[in-house]
Protein chains: 2
Amino acid sequence: MQQRPNIVDIAEKAGFSITTVSRVLNGKADKYRISKATQQVIMSTAEELNYVPNEFARNLRTGKSKTIALIVPSLKNPFFAEIASVVNTEVRKYNYITLIGDSDDNIENEKTEVLHLSSRNLDGMIIVPCGDEWGHLERLQEKGLPLICIDRYFEGLDLSFVSSDNYEGAYSASKYLIEHGHTSIACIQGVRHSTPNIQRVKGFIDAMVGSGITSYTVTGDAFSEQNGYLETKLLLQQKARPTAIFAFSNTIAMGCIKALKEEKVKVPDEISLITFDDNPYLNYIEPPLTCISQPVEDICKIAVKILFSNILEHDVSPKYVLLKTQLKVKASVKNLDHVL
Amino acid sequence: MQQRPNIVDIAEKAGFSITTVSRVLNGKADKYRISKATQQVIMSTAEELNYVPNEFARNLRTGKSKTIALIVPSLKNPFFAEIASVVNTEVRKYNYITLIGDSDDNIENEKTEVLHLSSRNLDGMIIVPCGDEWGHLERLQEKGLPLICIDRYFEGLDLSFVSSDNYEGAYSASKYLIEHGHTSIACIQGVRHSTPNIQRVKGFIDAMVGSGITSYTVTGDAFSEQNGYLETKLLLQQKARPTAIFAFSNTIAMGCIKALKEEKVKVPDEISLITFDDNPYLNYIEPPLTCISQPVEDICKIAVKILFSNILEHDVSPKYVLLKTQLKVKASVKNLDHVL
DNA sequence: GTTTTACGAACAAACGTTTGCGCATACAAT
DNA sequence: ATTGTATGCGCAAACGTTTGTTCGTAAAAC
């Protein structure tokens with residue numbers, strides 16, 4: 001009794017068997033026809049003893065851990081921090097707990113994390129895969145682990161995902177630039193093989209081609225500040241600088257700004273900038289960045305919902321969900337089209 | 001064998017007892033004089049079977065969960081996201097796992113989280129307490145849970161903490177303003193009863209008084225953007241506006257900027273701004289904000305170290321660690337003192 | 001007066017580990 | 001021969017739950 005009280009202590013003190021106590025505490029009292037009186041007694045002694053069930057024993061017995069894992073490329077990136085925050089709170093509502101793993105945008109780390117976390121008998125996993133490998137994820141799913149990708153995902157697999165409609169987002173951002181008279185546009189992309197990136201490139205190019213723009217470029221290879229910085233530096237070397245840059249993530253945009261500042265290029269007067277991802281800080285940057293805002297909160301909520309319909313109701317059919325993005329006009333795109 | 005292999009499967013396949021397998025797998029082979037040959041066999045069958053220990057069974061048996069909890073006020077705040085990230089990776093190095101809880105800066109949530117997470121048989125906890133209550137934390141510690149506060153803490157308790165030297169940080173920021181000729185200075189504080197805030201206020205006032213400045217004010221009551229916004233709005237209403245504002249956190253600073261922008265007050269030309277906390281985005285704000293940078297990474301690393309010296313070596317003596325902050329001069333403070 | 005039905009609760013096994021002892025065997029020392 | 005001492009390994013209990021099955025008893029039905 002000194003240590004944490006267990007179900008046995010309650011049973012002894014209340015004068016009932018362990019079985020009965022367990023059933024009452026698990027809300028299965030009615031199912032097993034346990035009298036109200038008994039329920040009362042057991043409940044109050046549990047209360048009195050300040051009983052907290054030992055999850056390990058429970059999980060060992062049931063095989064369920066009431067735990068899911070969330071793996072993101074980097075918690076330091078506010079975009080993923082928000083995801084972590086939302087997923088965490090959503091999962092709590094089911095009385096489950098979230099284990100957060102950080103792959104540091106490295107596929108080997110991701111695999112290690114997946115393995116490491118698996119030893120915790122996960123009931124499910126939400127992942128923002130960092131690379132273009134999915135074998136380890138498929139294997140996980142084949143073992144029966146409910147799994148869902150968010151933000152980044154893979155096409156043509158039986159792997160559920162929830163993400164933004166990246167094609168449409170990129171298309172509308174590009175259209176927006178074109179409508180503002182830009183005819184020489186560069187986009188700085190992220191990880192090349194990632195589906196969101198591929199979709200964004202497609203949206204970008206379709207918008208260009210559809211509007212008869214021929215002077216466009218696609219460069220870059222990482223969703224990182226460094227990539228944004230380097231590519232912008234290079235773009236500024238060109239004899240004919242683009243009039244607008246489309247950054248494929250907020251991190252890339254940060255890099256762009258750093259480079260533009262260094263080179264003393266005024267935004268939007270000399271070069272316009274538009275970016276994917278919204279975040280509070282974007283409002284405090286000068287100028288506030290016009291962006292394609294992703295419905296992060298909705299993405300997370302839907303993902304959690306799908307995950308739990310898989311965990312709880314064994315609905316294993318893969319779901320492919322794309323959510324509309326939103327163009328948020330701020331002040332980083334100049335209107336070159338004075339006819340308008 | 002279809003399902004996850006366990007230690008029994010290995011024992012059968014290798015032709016040894018469960019005991020021996022367990023000992024080999026736990027690196028206690030030598031201690032129990034198990035022959036190299038046997039070790040080899042067991043190791044390779046474990047490998048072959050792709051064995052991953054069931055942490056629940058292990059934890060049930062040992063009473064240790066190899067899990068610690070981290071509770072922060074808000075994961076969405078980049079300051080705490082960074083803490084989460086660093087703590088997470090540091091803890092992993094010990095082969096432990098981190099459960100992250102979000103109190104949403106609400107003391108009731110914090111208590112709930114503490115309770116909820118406790119059922120997971122935590123081996124330790126790191127917390128950024130959100131309020132001025134510590135009873136629930138003391139109780140936790142009395143139950144034998146290794147516990148340590150970071151960033152925010154309480155004085156006069158047997159509760160370990162690692163934080164910045166807030167007094168010195170605030171003092172040097174204030175001194176910096178004074179040295180740049182400011183004589184009318186407002187500071188916008190955070191949660192009033194929190195020790196860091198109290199220390200910062202003290203540092204601020206000591207600097208003011210020490211330099212004979214009489215025209216200073218201390219306002220505000222939360223580490224939030226809203227607080228920064230509202231207080232700045234109010235400050236701007238005064239007939240005699242301060243020439244400099246000292247924001248006590250990056251979130252407060254964001255609010256200040258928002259208000260200053262709205263009122264079209266130029267920083268630093270019309271009002272100078274200095275803030276606590278550094279973060280990458282601060283560099284992209286116009287102007288880049290001069291700030292008191294906290295050694296977040298070091299704080300986390302030291303906290304984790306202390307926590308594990310408690311967990312592993314049962315060193316329960318409370319540790320009180322304050323780390324030096326660093327003044328990072330950027331461009332948001334104007335030098336009014338032309339004599340310099 | 002016997003059988004049925006409903007009710008209320010308990011037995012005991014199982015989940016996968018770890019670990020304090022104990023048990024052989026073999027060889028050396030007495 | 002007996003004792004001593006390494007060496008190499010296994011028995012079985014324990015951790016705290018959950019749960020399929022069983023077991024009384026009392027009231028209801030025949």
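Proteins get letters first, then strands, A, B, ... in listed order; numbering begins at 1 in each. Nothing here was measured: the structure is a model prediction, and the numbers come from that model.
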Can you tell me which nucleotide in [options] comes closest to the side chain of [X]?
X	options	answer
I7(B)	dT18(C), dG20(C), dA9(C)	dT18(C)
T19(A)	dG16(C), dA10(C), dA9(C)	dA10(C)
R61(B)	dC11(C), dC9(D), dT17(C)	dT17(C)
R33(B)	dC9(D), dT18(C), dG16(C)	dC9(D)

ask   = What heavy-atom pair brings D123(B) and K66(B) nearest, and what distance separates the two atoms?
value = OD2-N, 2.7 Å
key: Close side-chain approach of V304(A) to I126(A), heavy-atom, < 4.5 Å   = yes
query = Got a donor-acceptor pair under 3.5 Å from the side chain of R58(A) to the base of dT17(D)?
reply = no
note = Residue pair T38(B)/Y51(A) against DNA chain D: nearer the 5' end by closest nucleotide is T38(B)
Closest-nucleotide ordering on DNA chain D, the 5'-leading residue of A57(B) and G15(B) = G15(B)
For [X] and [N], is the shortest distance between a side-chain N/O and OP1 or OP2 below 4.0 Å?
X	N	value
N54(A)	dG16(D)	no
Y32(B)	dG10(D)	no
T62(B)	dC15(D)	no

Interatomic distance where [atom1] belongs to [X] and [atom2] belongs to [N] [whole Å]:
X	N	atom1	atom2	value
K64(A)	dG16(C)	NZ	P	13 Å
F16(A)	dC11(C)	CZ	C1'	17 Å
K31(B)	dC21(C)	NZ	C1'	13 Å
E55(B)	dC15(C)	CD	P	19 Å
I34(B)	dA24(C)	CD1	P	19 Å
R4(B)	dC15(C)	CZ	P	14 Å
K36(A)	dC7(C)	NZ	P	13 Å
I42(A)	dG8(C)	CD1	P	13 Å

ask   = Under 3.5 Å, is there a donor-acceptor pair between the T19(A) and S22(A) side chains?
value = no
Kindly compute the distance separating [atom1] ([X]) from [atom2] ([Y]), expressed to the nearest 0.5 Å.
X	Y	atom1	atom2	answer
N310(B)	S160(B)	CG	OG	7.0 Å
K28(B)	R23(B)	NZ	CZ	8.5 Å
L307(A)	L145(A)	CG	CG	8.0 Å
I127(B)	L159(B)	CD1	CG	9.0 Å
D104(B)	E113(B)	CG	CD	10.0 Å

ask   = Where along residues 21-28 of chain B does a heavy atom come under 4.0 Å from DNA chain D, residue by residue in number order?
value = R23(B)
message = Ring centroids only, cut at 6.0 angstrom: are F308(B) and Y96(B) within range, meaning strictly under it?
response = yes
query = Between Y320(A) and F161(A), what is the ring plane arrangement, given parallel below 30°, perpendicular above 60°, and tilted in between?
reply = tilted
note = the helix from dG1(C)-dC30(D) to dT30(C)-dA1(D): angle between terminal helix axes, five bp per end, to the nearest 10 degrees, reads 70°
Pairwise 5' ranking along DNA chain C for T20(B) and F56(B), keeping only the more 5' one = F56(B)
